[in-house]
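In what follows, a single structure is set out as C-alpha cells and then discussed.
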Amino acid sequence: EWTGYVAPRIDAVLETEAAYMIIEVRPYAGRSALGAVLTYTYLFPLNQPTNKLLIPAVVTDRASKIYHEVYDAYDVRIFEV
C-alpha cells in the first residue's frame, strides 16, 4: 500500500480550482527529476483521490535542451528559474 509514502517526498503541490500541480525541485534537472515527478503524479491520487487534472512540473536552475524535449514528450512542465 502506498498511503503515506508519497506525500512526504513531494516538494510542493499547487492547487487551483481545476488542477493540482505536482512539483519537483532539483538543481540541474535531468532524468531522475523526470522519473520522480512522474512517479509522484501517478501515486498522488492514491493518497488524495481527486477528479482534478494532475500536472507534473519540475522547477530547476538549468536543464539541457534535450531534457526539455523529453519532458515535453511526457507532458511535464519545466521551469528554469
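For clarity, every value in this text was computed on a predicted model and none was experimentally measured.
- Here the shortest heavy-atom pairing between Ala63 and Ala29 reads CB-O, 3.6 Å.
- The closest side-chain heavy-atom distance from Ile55 to Ile22 is not below 4.5 Å.
- Across Asp61, Val59, Thr60, a single residue satisfies side chain to side chain contact (heavy atoms under 4.5 Å, CB included) together with Val81, and that is Val59.
- Between Val58 and Tyr67, the closest side-chain pair of non-hydrogen atoms is not below 4.5 Å.
- More than 12 heavy-atom neighbours from other residues, nucleotides or ligands sit within 6.0 angstrom of CZ on Phe79.
- The hydrophobic clustering, which links ILVMFWY residues whose side-chain heavy atoms are closer than 4.5 Å, places Leu54 and Tyr40 together.
- Val76 and Ile78 fall within the same hydrophobic cluster, defined by Ile, Leu, Val, Met, Phe, Trp and Tyr side-chain heavy atoms under 4.5 Å apart, directly or through other members.
- Applying the salt bridge (charged side-chain N to carboxylate O under 4.0 Å, His left out) test to pairs two or more places apart or on separate chains, none has a residue in residues 67-81.
- Distance check: Thr41 OG1 to Ile10 CD1 gives 7.5 Å after rounding to the nearest 0.5 Å.
- Nearest approach of Tyr71 to Gly30, heavy atoms of both residues: OH-O, 2.7 Å.
- Within the structure, side chain to side chain donor-acceptor pair (under 3.5 Å) contacts touching residues 13-38 (residues at least two apart or in different chains) are Glu15-Tyr20, Glu15-Lys52, Tyr20-Gln48, Glu24-Arg26, Arg26-Ser32.
- Pairs engaging residues 40-51 under the salt bridge (charged side-chain N to carboxylate O under 4.0 Å, His left out) rule: none recorded [sequence neighbours left out].
- Leu53 is connected to Leu14 through a chain of hydrophobic side-chain contacts under 4.5 Å among Ile, Leu, Val, Met, Phe, Trp and Tyr, so both are in one cluster.
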